[in-house]
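Let me begin by presenting the structure, written as structure tokens, before commenting on it.
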Amino acid sequence: MPEGPEVESVRLELLQLTSQKVKKITLTPLSQKYPKYLGKEDEFSQFRGQELRNIHRFNKFLIWEFEKKPVILNHLGMSGRWTIVDTKEEISTKTTHPKVIVEMSKPPYAIFDDTRNFGQFRIFSSMEAVKLYPPIKKLGIDGLTKVFPLQDFVERIAEQRFQNRQIGDLLMDPRLVAGIGNIYKAEILFEAKIHPERIISTLTQEETVFLGKSISKILLKAFYDKGSSFDARYKLPSGEGGQAQRWHMVYQRIDQPCGECGSLIKKLIQKNRSTYFCPKCQH
DNA sequence: GAAAGATCCTGACAGC
DNA sequence: TGCTGTCAGGATCTTT
């Protein structure tokens with residue numbers, strides 16, 4: 001499942017496409033019935049001949065920037081995956097639900113494969129327009145920043161609007177910290193030794209600071225391991241998988257012994273999402 | 001405006 | 001073997 005570290009790892013591999021000109025961007029017939037794939041053939045034709053300048057990441061969104069104004073917003077959803085192939089023939093053998101085909105002036109091709117159709121691929125008039133898009137405009141701190149702004153985090157989490165939230169729920173809210181999904185939420189709370197149902201207003205200053213440090217530590221560690229691959233669903237464009245799942249302490253480890261105290265890992269449902277935790281280590 | 005809950009969607013897996 | 005039900009989860013929409 002692509003969270004911040006996975007999306008950033010994908011972005012770095014896709015950067016190999018930059019400095020090339022676009023030959024063609026095609027939304028396949030498979031994408032047509034899903035409203036988050038917006039744009040007709042003639043709209044994507046405006047990118048022909050344009051150089052791909054950069055690919056940015058805001059939270060889990062990828063923004064493709066070209067030499068002229070329109071940009072493309074892309075979200076991997078829960079099963080979206082970019083695959084780099086050298087020949088058109090490989091599209092059918094290496095993908096199962098291809099939604100978008102990006103052809104550059106020379107191979108390789110980049111194919112966006114989205115099994116569960118939660119992904120997004122649409123045109124925005126400009127980078128400024130993307131920054132005004134509410135899910136991006138309202139983003140909080142980027143959790144993958146190399147020097148995590150701890151003081152900013154402490155001030156933000158103290159805002160009145162967050163005080164009655166449960167920490168397991170709030171960590172998934174990108175208005176506080178962007179880039180955290182369900183997997184790393186559980187790992188961050190284990191690292192910080194905080195129970196997922198703790199109410200924000202009950203956190204001590206010391207716990208809040210340690211939580212901020214834990215967010216940064218877990219997200220960067222996951223990024224350096226290129227994310228978590230539990231199965232074939234998350235892979236990098238090169239086909240390589242991530243390695244972060246090797247050090248998970250609680251996620252999907254229900255009824256297995258805690259690596260620190262030996263107690264059995266428990267699961268609870270919070271806002272319709274599974275949360276894993278150690279009942280002894282986390283308070 | 002904020003919070004909570006529902007919805008989208010398909011593949012994997014468990015249970016019968 | 002084959003069918004049915006459950007689960008997974010990020011963003012977004014609807015309801016409260």
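Just so we're on the same page: letters track the sequence lines, and every chain starts at 1. Predicted model only: the values in this text are computed from it and were never measured.
Ring centers of Phe277(A) and Tyr251(A): at least 6.0 Å apart, outside the cut-off. The aromatic ring centres of Phe124(A) and Tyr133(A) sit less than 6.0 Å apart.
Between the Lys193(A) side chain and the Phe190(A) main chain, a donor and an acceptor come within less than 3.5 Å of each other.
Using a 4.0 Å heavy-atom criterion, one finds that Asn59(A) contacts the sugar-phosphate atoms exclusively. Heavy atoms of Lys267(A) sit under 4.0 angstrom from primed sugar atoms or phosphate atoms, though from no base atom.
For the side-chain hydrogen bond (donor to acceptor under 3.5 Å, both in side chains) test, no residue two or more places apart in sequence or in another chain qualifies with Lys60(A).
No hydrogens or angles considered: nothing links the side chains of Gln20(A) and Glu51(A) as a donor-acceptor pair under 3.5 Å. For Asp225(A) and Trp247(A), the side-chain atoms include at least one donor-acceptor pair closer than 3.5 Å. Side-chain contact check for Ser228(A) and Tyr184(A): at least one donor-acceptor pair (N or O, by modelled atom type) lies under 3.5 Å. For the 3.5 Å distance criterion, the side chains of Trp82(A) and Asn74(A) qualify, holding a donor opposite an acceptor.
Note on Arg161(A): every side-chain N or O is 4.0 Å or more away from OP1 and OP2 of dG1(B). Taking 4.0 angstrom as the limit, His97(A) places a side-chain polar atom (N or O) nearer than this to OP1 or OP2 of dG11(B). Distances shown here put a side-chain N or O of Ser274(A) below 4.0 Å from the OP1 or OP2 atom of dA8(C). Taking 4.0 angstrom as the limit, Tyr234(A) places none of its side-chain polar atoms (N or O) nearer than this to OP1 or OP2 of dA8(C). An OP1 or OP2 oxygen of dC9(B) is reached within less than 4.0 angstrom by no side-chain nitrogen or oxygen of Lys99(A). Distances shown here put a side-chain N or O of Tyr276(A) below 4.0 Å from the OP1 or OP2 atom of dA8(C).
Comparing dG11(B), dA3(B), dG10(C) by their nearest atom to the side chain of Met78(A) picks out dG10(C). Distances were taken from every side-chain heavy atom of Asn117(A) (C-beta onward) to each of dT10(B), dG10(C), dA8(C); the shortest belongs to dT10(B).
Atom CZ in Arg81(A) sits about 16 Å away from atom C1' in dT10(B), given to the nearest Å. Taking atom CG on Asp114(A) and atom C1' on dA8(C), their separation rounds to 15 Å, with Å as the unit. When rounded to the nearest whole Å, the span between CG of Asp173(A) and C1' of dG10(C) equals 12 Å. Protein atom CD of Gln252(A) is 8 Å distant from nucleotide atom P of dA8(C), rounded to whole Å. Atoms CZ (Phe121(A)) and P (dA11(C)) sit 18 Å apart, rounded to a whole Å. Atom CG of Asn74(A) is separated from atom P of dG10(C) by 16 Å (rounded to the nearest Å). The CD atom of Glu3(A) sits 14 Å away from the P atom of dA8(C) (whole-angstrom rounding). The separation between Gln160(A) atom CD and dG1(B) atom C1' is 14 Å, rounded to whole Å.
When each of Arg175(A) and Tyr34(A) is assigned the nucleotide of DNA chain B bearing its nearest heavy atom, the one mapping closer to the 5' terminus is Arg175(A). Checking Lys138(A) against Phe118(A), the closest nucleotide of DNA chain B that is more toward the 5' end is the one next to Lys138(A).
Open room surrounds NZ on Lys217(A); 12 or fewer heavy atoms of other groups in view lie less than 6.0 Å from it. Enclosure of atom CD in Glu155(A) by more than 12 non-hydrogen atoms of other residues, nucleotides or ligands within 6.0 angstrom is indicated.
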Tabulate atom names and distances for all N/O pairs under 3.5 angstrom spanning the protein and nucleotides 12-16 of chain C.
| unit_1 | atom_1 | unit_2 | atom_2 | d |
| --- | --- | --- | --- | --- |
| dT12(C) | OP1 | Gln120(A) | NE2 | 3.4 |
| dT12(C) | OP1 | Tyr133(A) | OH | 2.4 |

Grab the N/O contacts between the protein and nucleotides 5-7 of chain B below 3.5 Å, and write none if there aren't any.
none

